[in-house]
Chemist: 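First the structure, then my questions, so here it is.
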Number of protein chains: 2
Amino acid sequence: MAASKTRTKQSSTDSDMPDTRARILAAALRLFRKRGYHGAGLNDILELASAPKGSLYHHFPGGKEEIGVAVVAEITRSIVTLFESSRARTTAAVVLQAGEQMSHTIERTNHELCTLFTAFLAERSTSPKLGIAVANAYAEMTEALQTRLQSDGMKPRLAKDRATAVVMLLEGGAMIAQAQQSVAPFRLAVKQAASLCEIAD
Amino acid sequence: MAASKTRTKQSSTDSDMPDTRARILAAALRLFRKRGYHGAGLNDILELASAPKGSLYHHFPGGKEEIGVAVVAEITRSIVTLFESSRARTTAAVVLQAGEQMSHTIERTNHELCTLFTAFLAERSTSPKLGIAVANAYAEMTEALQTRLQSDGMKPRLAKDRATAVVMLLEGGAMIAQAQQSVAPFRLAVKQAASLCEIAD
DNA sequence: CACTAGCTAGACCAGTCGGTCTAGTTGCGC
DNA sequence: GCGCAACTAGACCGACTGGTCTAGCTAGTG
């Protein structure tokens with residue numbers, strides 16, 4: 001329908017209709033998080049995106065796997081950005097701020113899109129690429145946090161452990177939040193994670 | 001592993017061949033954890049269990065969903081038992097001890113069977129029963145820990161929060177361990193979880 | 001205008017899915 | 001022995017899966 005990837009070529013009436021590729025990606029993101037990688041069929045994704053199969057395989061020649069990798073990369077990027085672009089002074093404050101944003105997302109989506117990468121982890125055995133994408137995702141998030149913690153003055157070794165723990169808490173928190181259909185557990189995870197970033201010894 | 005549900009009925013030669021029902025359950029447990037709920041097909045499970053489809057639907061009339069619920073219940077029970085039967089004095093020690101056991105399981109299974117309930121969580125939208133089973137699983141684990149923490153003298157409110165955080169860390173830790181194919185992150189999670197059980201203020 | 005990429009469109013396909021059903025087989029109570 | 005219930009066995013099924021392929025539309029260029 002509408003368009004523009006690098007260059008615009010949108011007609012004058014596409015106001016609420018982004019790029020087909022983007023629409024497919026958004027639909028996949030939504031459904032993968034809601035029903036898992038296997039649980040979300042290509043047809044479901046296509047329907048939600050209002051796109052035909054031809055477009056999907058034009059934009060993602062690698063098929064479902066490529067879409068999965070792209071989705072993981074997008075989630076990762078958005079979270080890492082959240083960590084890195086924050087203007088808060090301490091890492092603890094950064095985590096609180098980012099956590100707040102995530103909490104809103106969770107609420108906005110009726111607690112459906114909570115778990116982050118778990119949906120893809122199970123594919124590790126059948127799709128190495130997806131497995132690598134998830135491993136990278138965790139690594140990037142941890143690294144971003146570790147860097148901030150170190151610039152707070154924390155020793156590298158400790159910073160890495162704390163950063164890892166923060167990621168675990170957020171992931172686990174998102175999971176329990178989804179299971180219980182409530183943001184409360186996630187907010188608790190954020191609080192715990194933030195306090196891990198404060199106390200430094 | 002062994003057999004017999006209510007009454008035994010084993011022939012004299014089934015030494016290494018438990019009850020069909022148990023075999024199916026064990027196979028399902030293994031494959032669900034490795035490939036996720038959708039990723040593991042009934043045929044795969046049946047093949048691993050060396051059982052025909054008739055047996056499966058005889059023992060689990062509810063089909064795949066019933067097997068899923070049973071698997072979740074079994075995992076839950078084994079973990080809660082780990083928490084409750086420990087003779088360690090403090091909850092921190094209990095967590096360390098249970099964590100050690102889990103670490104061994106992770107190593108023994110080539111980091112394949114790590115994530116605990118995530119595989120089933122995605123089914124919440126299509127199968128209420130599985131969703132409830134997972135929610136119960138988290139609730140039971142948390143409750144068991146909370147009880148122990150309170151008997152350590154911790155205030156109920158705080159105990160509940162700490163217990164929840166411990167579960168989150170373990171779940172998140174298991175996930176990252178699977179992603180990275182290493183027990184190290186899980187052991188870190190256990191350490192953090194244990195220290196959450198100590199400091200009481 | 002014609003020509004060509006880029007993209008849309010969806011019919012189509014082989015394979016697999018979870019699930020059903022009928023036909024044995026087995027072992028215990030009588 | 002017979003009879004019956006518990007269980008095993010696997011052929012079979014419709015629905016649906018991810019993926020392929022050809023045809024057509026559309027915009028930009030000469």
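Atom set for the values below is all heavy atoms of this structure, side chains included, hydrogens, waters and symmetry mates excluded. The sequence lines fix the lettering, A, B, ..., with proteins before strands; numbering per chain opens at 1.
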Chemist: Could you tell me whether the phosphate oxygens of D/dT17, OP1 or OP2, come under 4.0 Å of any side-chain nitrogen or oxygen in A/Asn43?
Modeler: yes

Chemist: Could you tell me whether A/Gly41 contacts a base, only the sugar-phosphate backbone, or nothing, with contacts defined as non-hydrogen atoms closer than 4.0 Å?
Modeler: sugar-phosphate

Chemist: Roughly, in whole Å, what's the span from CG in B/Asp19 to C1' in D/dT8?
Modeler: 13 Å

Chemist: Counting side-chain heavy atoms from C-beta on, which of D/dC7, D/dT20, C/dG18 comes nearest to A/Tyr57?
Modeler: D/dT20

Chemist: Can you tell me how the ring of B/Phe120 sits relative to the ring of B/Phe32, calling it parallel under 30°, perpendicular over 60° and tilted otherwise?
Modeler: perpendicular

Chemist: Round to the nearest Å and state the distance from A/Glu47 atom CD to D/dC16 atom P.
Modeler: 12 Å

Chemist: Nearest whole Å is fine: how far is D/dC16 C1' from A/Ile45 CD1?
Modeler: 15 Å

Chemist: Please determine which of B/Ile67, B/Thr20, B/Leu25 meets the side-chain contact (heavy atoms from CB on, under 4.5 Å) test together with B/His59.
Modeler: B/Thr20

Chemist: Stepwise, does the salt bridge (charged side-chain N to carboxylate O under 4.0 Å, His left out) test hold for A/Glu143 with A/Lys160?
Modeler: CA-CA 8 Å; A/Glu143 212 173 304; A/Lys160 184 172 184 184; over 6 Å; no

Chemist: Expressed as a whole number of angstroms, how long is the span from B/Leu42:CG to D/dT17:P?
Modeler: 16 Å

Chemist: Would B/Leu56 and B/Leu46 count as a side chain to side chain contact (heavy atoms under 4.5 Å, CB included) if you check the C-alpha gap in whole Å, the side-chain angles of each, and the deciding distance to 0.1 Å?
Modeler: CA-CA 8 Å; B/Leu56 190 151; B/Leu46 258 1; 3.4 Å; yes

Chemist: For the pair made of NE2 in B/His38 and P in D/dT17, what is the distance, rounded to whole Å?
Modeler: 9 Å

Chemist: Nearest whole angstrom, please: distance from the P of D/dG18 to the CZ of A/Arg35.
Modeler: 11 Å

Chemist: Looking only at side chains, do B/Glu65 and B/Ser127 share a donor and an acceptor under 3.5 Å apart?
Modeler: yes

Chemist: Using whole Å, report how far CG of B/Asp44 lies from C1' of C/dT16.
Modeler: 10 Å

Chemist: Where the side chain of B/His58 is concerned, which of D/dG18, D/dA6, D/dG10 is the nearest nucleotide?
Modeler: D/dA6

Chemist: For a quick check of understanding: with a heavy-atom distance under 4.0 Å over all strands, which category does B/Lys53 fall into, base, sugar-phosphate or nothing?
Modeler: base

Chemist: Please classify the nucleic acid contact of B/Gly54 as base, sugar-phosphate, or nothing, using heavy-atom distances under 4.0 Å.
Modeler: base

Chemist: Please tell me which of the listed nucleotides, D/dT8, C/dG19, D/dG18, lies nearest to the side chain of A/Lys64?
Modeler: D/dG18

Chemist: Mind calculating the distance between CG (A/Leu46) and P (C/dC12) to the nearest angstrom?
Modeler: 18 Å

Chemist: Any side-chain N or O of B/His59 below 4.0 angstrom from OP1/OP2 of D/dT8?
Modeler: yes

